[in-house]
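Below: one structure, written as C-alpha cells.
For this chain, numbers begin at 1 and follow the sequence in order. Note that ligands are numbered from 1 as they come in the structure, with each ligand's atoms numbered from 1 the same way. Every heavy atom of this structure was used, including side-chain atoms; hydrogens, water molecules and symmetry mates were not.
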Amino acid sequence: MTDNSAVTVLGLGPMGRALASAFAAAGHPTTVWNRTPGKAGGLAVTEASTAAEAVAAGPLVVVCVLDYDAVDAILDSAADALKGRTVVNLTADSPDRARRTADWAAARGIDYLDGAIMTPTVTIGGPDAVLLYSGPQHLYDDHAPALAALGGTASHLGEDPGRAAAYDVALLGIFWTAMTGIMHAFALAKAENIAAADLAGFARGITDLLSPSLDDLAANVDSGNHPGTFSNITSAAATLEHIVHVSEQHGIDAGPVEAARAIARRAIADGHGGDDFSRITDTLLSRAKGHLTT
Ligand code: NDP
C-alpha cells in the first residue's frame with residue numbers, strides 16, 4: 001500500500017535536499033534517493049537504495065539533479081516503477097529537453113509535469129520561493145496541494161511542458177548577462193583604482209533603474225512601437241563605444257560590451273537608430289528561425 005501523501009525526491013544536491021526537507025517539514029512522508037548514497041544526513045526522510053525503490057513509496061516523484069542527461073538516466077532506471085505515477089521534474093535545462101522527456105514519459109504511461117525553480121535553496125519552503133510549472137493542467141491541479149509544501153509563489157504557465165523551461169532560460173539570461181555586466185564594471189573600476197565596494201552603492205543605483213522600466217519595455221516589444229522619445233539606440237551605441245574603448249585601453253576583456261555594441265550597430269544599420277532600445281528585441285529576433293518581424 002502506498003501512502004497518497006508520500007513524496008519521493010530523486011537527487012540530493014543542495015536543491016534536492018532543500019526540496020526533501022520542505023516536503024518532510026510539511027508532513028509528507030518523504031523517501032529520497034541519490035546516485036551517491038549517504039547524502040540524506042540531517043533530513044527526516046527515508047533513504048532508498050535505488051531510484052525504483054524510492055519511486056514505489058508514493059504517487060508523486062520529484063526529480064532535481066544536474067541536467068536532463070542525469071534525469072533521463074535516473075527515470076530510465078526506474079521506468080517500470082514510475083508507470084501510473086507523476087514525475088515533477090524541477091531540473092533546469094532547455095524547453096526542447098523538457099518536451100522530449102515529457103514524450104518519453106507519455107510513451108511509458110508516466111504522468112509528467114516540468115518545472116523550474118527561480119530562487120535559491122534557502123527560500124524553499126518559505127514565502128520567497130518562486131516555482132514555475134508547465135504540463136497538463138489536471139496534473140498540476142492534482143498535485144498543487146503537495147507542491148505547496150515548497151512554499152512561496154507557484155505558477156502553472158500552460159500545458160506545453162517546455163514552457164516553464166522557456167521562462168527559466170529567458171529569466172536566467174537576464175541574471176547572467178547582468179552578472180557579467182556587473183563583473184565587467186568591477187574590472188573597469190579596479191583598473192581605474194576604484195575599490196569594488198566604492199562602486200557598489202552607485203552600481204545599485206544603476207540596477208535599480210532596470211526593474212521599473214521592465215513593463216514599459218515589454219509594452220513596446222509586444223506592440224512593436226519603439227518611440228525613442230527619451231533616448232535612442234544611436235545614443236546607447238555611443239555610450240557602448242566609450243565602454244569598449246576604456247576596456248581596451250586597460251586590456252580588459254570587452255566581450256560583454258562588444259556583444260551589446262554589435263547588436264546596437266546592427267539595429268542602426270537596419271535604420272532603427274532613432275528608436276528606443278526596446279527595438280533591440282526585434283533585431284535579435286530578425287535572425288530567428290521561423291520568426292516573422294513586423
Ligand atoms: P547540482 O546541479 O550540482 O546537482 C547535483 C545533483 O545531481 C546530485 O544529486 C548529483 O548526484 C546529481 N547528478 C549529477 N549527475 C548525475 C548523473 N549522471 N546521474 C544521477 N545523478 C546525477 O545541484 P543542485 O541541487 O544545486 O541543483 C539541482 C537543479 O536545481 C539544477 O538544475 C539547478 O539549476 C537547479 N536550481 C538550483 C538552485 C540552487 O540554488 N542550488 C536554484 C535554482 C535552481 P551525486 O550526489 O551522486 O553527484
Side-chain angles (χ1 to χ4, degrees), residues 7-25 30-43 45-55 57 60-79 81-82 87-102 104-105 110 112-135 147 149-157 161-180:
V7 176
T8 296
V9 176
L10 302 175
L12 290 179
M15 187 52 88
R17 279 185 61 88
L19 300 173
S21 173
F23 283 123
T30 304
T31 302
V32 299
W33 172 85
N34 191 61
R35 177 182 60 174
T36 308
K39 297 272 180 84
L43 296 173
V45 299
T46 304
E47 189 169 7
S49 54
T50 64
E53 183 190 319
V55 161
L60 176 61
V61 177
V62 173
V63 57
C64 187
V65 287
L66 178 67
D67 58 23
Y68 276 46
D69 285 343
V71 169
D72 291 351
I74 294 167
L75 297 186
D76 210 38
S77 76
L82 282 167
V87 171
V88 178
N89 181 8
L90 295 179
T91 307
D93 209 313
S94 65
D96 176 57
R97 291 298 301 261
R99 291 180 192 117
R100 276 197 272 154
T101 302
W104 176 92
I110 300 164
Y112 183 82
L113 277 175
D114 206 86
I117 304 169
M118 304 314 304
T119 51
T121 54
V122 290
T123 65
I124 302 302
D128 295 331
V130 176
L131 289 105
L132 311 178
Y133 298 96
S134 57
L147 295 171
L150 304 180
T153 312
S155 303
H156 180 254
L157 301 169
R163 207 159 168 85
Y167 273 72
D168 188 38
V169 291
L171 295 169
L172 291 177
I174 297 176
F175 185 75
W176 288 112
T177 52
M179 284 288 279
T180 307

Looking only at heavy atoms, what is the nearest atom pair of A129 and T123, with distance?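 Closest approach of A129 to T123, heavy atoms only: CB-O, 3.5 Å.
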Would [X] count as a polar contact of ligand 1, with the cut-off being nitrogen or oxygen pairs under 3.5 Å?
X    : value
N34  : yes
A70  : no
G11  : no
V65  : yes
P120 : no

Which residue from [options] reaches closest to [atom] through any of its heavy atoms?
atom                    : options              : answer
atom 33 (C) of ligand 1 : A129, G115, A92, S77 : A92
atom 1 (P) of ligand 1  : V71, V32, L66, L172  : L66
atom 17 (C) of ligand 1 : K39, R35, M15        : R35

Does this structure show an ion pair linking D69 with R97, if we count only N-O contacts that are shorter than 4.0 Å?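 Salt bridge between D69 and R97, a charged N being under 4.0 Å from a carboxylate O: yes.
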Give the atom numbers and elements of ligand 1 that come within less than 4.0 Å of a heavy atom of T121.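 It comes down to these atoms of ligand 1: 39 (C), 40 (O), 41 (N).
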With a cutoff of 4.0 Å, is T119 in contact with ligand 1, counting heavy atoms of the residue only?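 Within the 4.0 Å threshold, so yes.
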Does A73 come within less than 4.0 Å of ligand 1, judged by its heavy atoms?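 False for this residue.
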Under 3.5 Å, is there a donor-acceptor pair linking the side chains of N89 and T101?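 The criterion, which ignores hydrogens and geometry beyond distance, is not satisfied for T101 and N89.
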Identify the closest protein heavy atom to atom 5 (C) of ligand 1: which residue and atom is it, and at what distance?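 I find the closest protein heavy atom is G13 CA, 4.0 Å.
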Can you find a heavy atom in the side chain of [X] that is under 4.5 Å from one in the side chain of [Y]?
X    : Y    : answer
V63  : V65  : yes
Y133 : V88  : yes
L19  : L150 : yes
F23  : V45  : no

